[in-house]
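Predicted, not measured: the structure shown is a model, and the values here were computed from it. Letters A, B, ... are given to chains in the order of the sequence lines, protein chains preceding strands, and every chain is numbered from 1.
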Amino acid sequence: MNAPDSSTAPAHFIRTRIAREMAEGLHEQVVTRFPPEPNGYLHIGHAKSIVLNFAMAAEFDGYTNLRFDDTNPAREEQRFIDSIKTDVAWLGYRWKNECYASDYFEILYGYALHLIDRELAYVDEQDADTIRAQRGTLTEPGTESPRRNRPTAENRDLFERMRAGAFPDGAMVLRARIDMAAPNINLRDPVLYRIRREHHHRTGDDWCIYPSYDFAHGQSDAIEHITHSLCTLEFEDHRPLYDWLIENLPVPSRPVQIEFSRLNMDFTVMSKRRLTRLVEEGHVAGWDDPRMPTLAGLRRRGFTPDAIRAFCSEIGVTKSESIIPFGVLERNLRDDLNVRAPRRMAVLKPLKVVLTNFPEGETEWLEAANHPQNPEMGSRQVPLTREIFIEQDDFLEEAPRKFFRLKPGGEVRLRNAFIIRCDDVVKNDHGEVIELRCSFDETSRSGLPGADRKVKGTIHWVSAEHAVTAEVRLYDRLFDVPDPGGDKTADFVDHLNPQSLEILQNARVEPGLEHTRSHEFFQFERLGYFVPDPDFRPGRPVFNRAVTLRDTWARLEAQLASGRT
RNA sequence: UGGGGGAUCGUCUAGUGGUAGGACUACGGACUCUGACUCCGUCAGCGGGGGUUCGAAUCCCUCUCCCCCAGCCA
């Protein structure tokens, strides 16, 4: 029922605790749930929770439910439910039951009556401002509502009429009767039900009262016989309320809540509120914009489920706050794609090269391995012609030391082909290099004895005649500061990186790539990993760069620039 | 400031009385028809101060810093 997961997963406090409980015979199996509210798309932070929940259940002979926490119809939509199911399934997980908190509305209503009958809940018709004022502050206790000691029969009558629609929205709420002086504010008679005439995406107009998170969540857990309700740290001080409700209600099981720290990553934002703003204000193209940390965005960018799962397992589970560098996620992608991605040649920014001693009109087909470390991935034939394109970055008229690429009079190997020498540099009126005239060394062809001759550099290329023009989209971090949401003096959108998207319309890719299917991925040698975008059309290939290769030269270059070497 | 949490190499994370370990990064080197991959090596840490103990990241006291909570959001 679950996706493959590393059996060598390291111990963390939740796994350790559950293992101990299992050893003690506390549970026959572990049942978990992933409980998103369908009011947005899932992001990489959710992936951490998904992986944790499914892993714990799978490791301890249980299962995981997908439960939509749909208690606030004002913000929830069917399209979000659809996207969430798509994303969880894409990650490789199969939930046992598809559940909805709204499926339990009737049971929850009964539970509320149960509390009322035991004088543990009451109807309060004070307005929100009054209730807020009575709640007290962090340092001062609250004051009790004048309705707090209303007779049970009256509470029951009012609550039944609340449900029946006898009162306008916001006219009254049902509150738990706990302790207005509790140091934990969540215990100061929290709201359990509110009146809200809002069309619910599943229950339609059946209800005009809706349970709050606190009243719905734990009880839903209990109804589903969830053994471990795993959630993030901000719910830690809701746990006494969670436990109070479980203890005072005739629920069929007694789940426990365990909290862990949520995932934070640098140079991005993770809150649903901020992600929603990015989409609604048009800062990105949509929830699946490849720059978004959403699973839909990462998928479109070219991330694989395996890489994301490996990442989640690598970062661990603790209660300490952490900010994971985005590069850690990217490295997991590289590690995954390095072994799986077929190699191809593509030139992002073409520079024309004429091989002056190559016969005009001829094509030589050369064999190119699809993967240098894995012969089983086979090989393909790539065409070489008199005119080719190389990367503009691979030629420098005035090259620094340690520049192993092409320079006037210098030699370089064309990957899978010959060694060439740069004889002439052709410039336009602006002094820009527009063409190189090179000669090739026939004896240095790949596979021939002369191929042993060593040159410092090897560069990629494509045949000008055969290459396919493609659009290539390069992505950089969405924000240009590490913690865009942490700036109290500025709006986070002020830190958007204007360079986060670069579109190259004139890239040239080796023939064959125009027939690429979706979900295929490639390494464009020396450049990075690329995937076809959904915008890909026959005759108009569009590739996204998922991640670059590790670039030691770029680092060296930076060092040279700063005078370190 | 009331309550709830958290502080271990640059980053993430083990270690819960017996030599602080791993991964990533960085740096150096080997290899290389991808400046990739791989391999080898190096640097680097217990928030501060007391105390208990033969011995403390771990136990005790104290201080400091960070995060969360005053929605009829989740």
Quiz prompt | Whole-Å distance separating the NZ atom of A:Lys488 from the P atom of B:rC67 | solution = 8 Å
Quiz item: Reckon A:Leu549 touches a base, only the sugar-phosphate, or nothing at all at heavy-atom distances under 4.0 Å?
Solution: base
Quiz item: For atom C1', what is the distance between B:rA14 and B:rG22, given to the nearest Å?
Solution: 7 Å
Exercise. Give the rounded distance in Å between these two atoms: CZ of A:Arg334 and P of B:rA23.
Key: 19 Å
Quiz item: Does a side-chain N or O from A:Thr139 land closer than 4.0 Å to OP1 or OP2 of B:rG3, or not?
Solution: no
Quiz item: Given the P atoms of B:rG48 and B:rU11, what is the spacing between them in whole Å?
Solution: 15 Å
Practice problem: Check the pair A:Gln134 / A:Gln126 against side-chain hydrogen bond (donor to acceptor under 3.5 Å, both in side chains), numbers first and verdict last. | Solution: CA-CA 10 Å; A:Gln134 287 172 355; A:Gln126 298 181 108; 2.7 Å; yes
Quiz item: Is a donor-acceptor pair below 3.5 Å formed from side chain A:Arg555 to base B:rG35, judging by atom type as modelled?
Solution: no
Quiz item: Taking the six-membered ring of A:Trp207, is NZ or CZ of A:Arg163 closer than 6.0 Å to its centre and within 45° of its axis?
Solution: yes
Quiz item: Relative to A:Phe167, does A:Arg161 satisfy both conditions: NZ or CZ under 6.0 angstrom from the six-membered ring centre, and within 45 degrees of the ring's axis?
Solution: no
Quiz item: What nucleic acid atoms does A:Lys272 come within less than 4.0 Å of, heavy atoms only: base, sugar-phosphate, or nothing?
Solution: nothing
Quiz item: Between A:Val328 and A:His371, which has a closest nucleotide on RNA chain B that is more 5'?
Solution: A:Val328
Self-check item: Base B:rU38 paired with A:Gln373 side chain (donor-acceptor, <3.5 Å)
Solution: no
Practice problem: Under 4.0 Å between any heavy atoms, over every strand shown, what does A:Glu259 touch: base, sugar-phosphate, or nothing? Just pick one. | Solution: nothing
Quiz item: Whole Å only: how far is the CG atom of A:Asp335 from the C1' atom of B:rU38?
Solution: 12 Å
Quiz item: At under 4.0 Å between heavy atoms, what does A:Pro372 touch on the DNA or RNA strands: base, sugar-phosphate, or nothing?
Solution: base
Quiz item: Between B:rC37 and A:Gln523, is there an OP1 or OP2 to side-chain N/O distance shorter than 4.0 Å?
Solution: no
Practice problem: For nucleotides B:rG5 and B:rC46, find the distance between their P atoms and express it as a whole number of Å. | Solution: 27 Å
Quiz item: How far apart are the closest heavy atoms of A:Asp124 and A:Arg175, and which atoms are they?
Solution: OD2-NH1, 2.9 Å
Quiz item: Can you tell me how far P in B:rU19 sits from the matching atom in B:rU58, rounded to whole Å?
Solution: 14 Å
Quiz item: Which string of ( ) [ ] | and . matches RNA chain B, if you list each base 5' to 3' and count Watson-Crick or G-U pairs only when both distances are under 3.5 Å?
Solution: .((((((..((((....[..)))).(((((.......)))))....(((((..]....))))))))))).....
Quiz item: Which value, in whole Å, describes the distance between the P atoms of nucleotides B:rC60 and B:rG18?
Solution: 16 Å
Self-check item: Atom pair distance, as rounded to whole Å: CD in A:Glu330 and P in B:rU25
Solution: 12 Å
Quiz prompt | Protein-nucleotide distance (A:Arg550, atom CZ; B:rU25, atom P), rounded to Å | solution = 6 Å
Quiz item: Base, sugar-phosphate, or nothing for A:Glu321, non-hydrogen atoms under 4.0 angstrom?
Solution: base
Quiz item: P atom, B:rU13 versus B:rG55: distance in rounded Å?
Solution: 32 Å
Self-check item: Between C1' of B:rA36 and CZ of A:Arg344, the distance in whole Å
Solution: 17 Å
Quiz prompt | Six-ring centre of A:Phe267, A:Arg477 cation under 6.0 angstrom, axis tolerance 45° | solution = yes
Self-check item: Side chain A:Arg343 and base B:rU34 donor-acceptor under 3.5 Å
Solution: yes
Quiz item: What is the per-nucleotide protein-contact pattern of nucleotides 69-74 of chain B, from the 5' end, where B denotes a base atom under 4.0 Å from a protein heavy atom, S denotes such proximity for sugar-phosphate atoms only, and - denotes neither?
Solution: BBSBBB
Quiz item: So what does A:Phe403 hit on the nucleic acid, given a heavy-atom distance under 4.0 Å: a base, only sugar-phosphate, or nothing?
Solution: base
Practice problem: Tell me whether B:rG41 sits syn or anti, counting syn as a glycosidic angle within 90° of 0. | Solution: anti
Quiz item: Between the side chain of A:Gln523 and the main-chain N/O of A:Phe530, is any donor-acceptor distance below 3.5 Å?
Solution: no
Quiz item: Can a cation-pi geometry be assigned to A:Arg202 and A:Tyr100, taking NZ or CZ under 6.0 Å from the six-membered ring centre and within 45° of the ring axis?
Solution: yes
Quiz item: Say you pick atom P in B:rA57 and the same atom in B:rG47; how far apart are they, in whole Å?
Solution: 10 Å
Exercise. Flag the pair A:Thr232 / A:Phe260 as yes when at least one side-chain heavy-atom distance between them is below 4.5 Å, and no otherwise.
Key: yes
Quiz prompt | Sugar-phosphate only, base, or nothing, as touched by A:Ser261 at under 4.0 Å among non-hydrogen atoms | solution = nothing
Exercise. Might you point out which heavy atoms bring A:Thr32 and A:Ile226 nearest each other, and give the distance in Å?
Key: O-CD1, 3.6 Å
Practice problem: Indicate yes or no: at least one non-hydrogen side-chain atom of A:Trp461 is less than 4.5 angstrom from one of A:Val382. | Solution: yes
Practice problem: Might you point out which heavy atoms bring A:Phe105 and A:Tyr193 nearest each other, and give the distance in Å? | Solution: O-OH, 4.0 Å
Practice problem: Could you check whether A:Arg262 gets within reach of a base, just the sugar-phosphate, or nothing at all, counting any heavy atom under 4.0 Å? | Solution: nothing
Quiz prompt | Atom P, compared across B:rG45 and B:rG21: separation rounded to whole Å | solution = 12 Å
Exercise. Starting at atom CG of A:Asn332, determine the distance to atom C1' of B:rU25, rounded to an integer number of angstrom.
Key: 14 Å
Exercise. For A:Ala182, report the nucleic acid contact type (base, sugar-phosphate, nothing); a contact means any heavy atom under 4.0 Å.
Key: nothing
Exercise. Please state how far atom CD1 in A:Ile324 lies from atom P in B:rA23, giving the value in whole angstrom units.
Key: 17 Å
Quiz item: What does A:Ile323 touch in the nucleic acid at a heavy-atom separation under 4.0 angstrom: a base, only the sugar-phosphate, or nothing?
Solution: sugar-phosphate
Quiz item: Taking the side chain of A:Ile315 as its heavy atoms from C-beta onward, which of B:rU34, B:rC66, B:rC12 lies nearest to it?
Solution: B:rC12
Self-check item: Heavy atoms from other residues, nucleotides or ligands near CZ of A:Arg380 exceed 12 (cutoff 6.0 Å)
Solution: yes
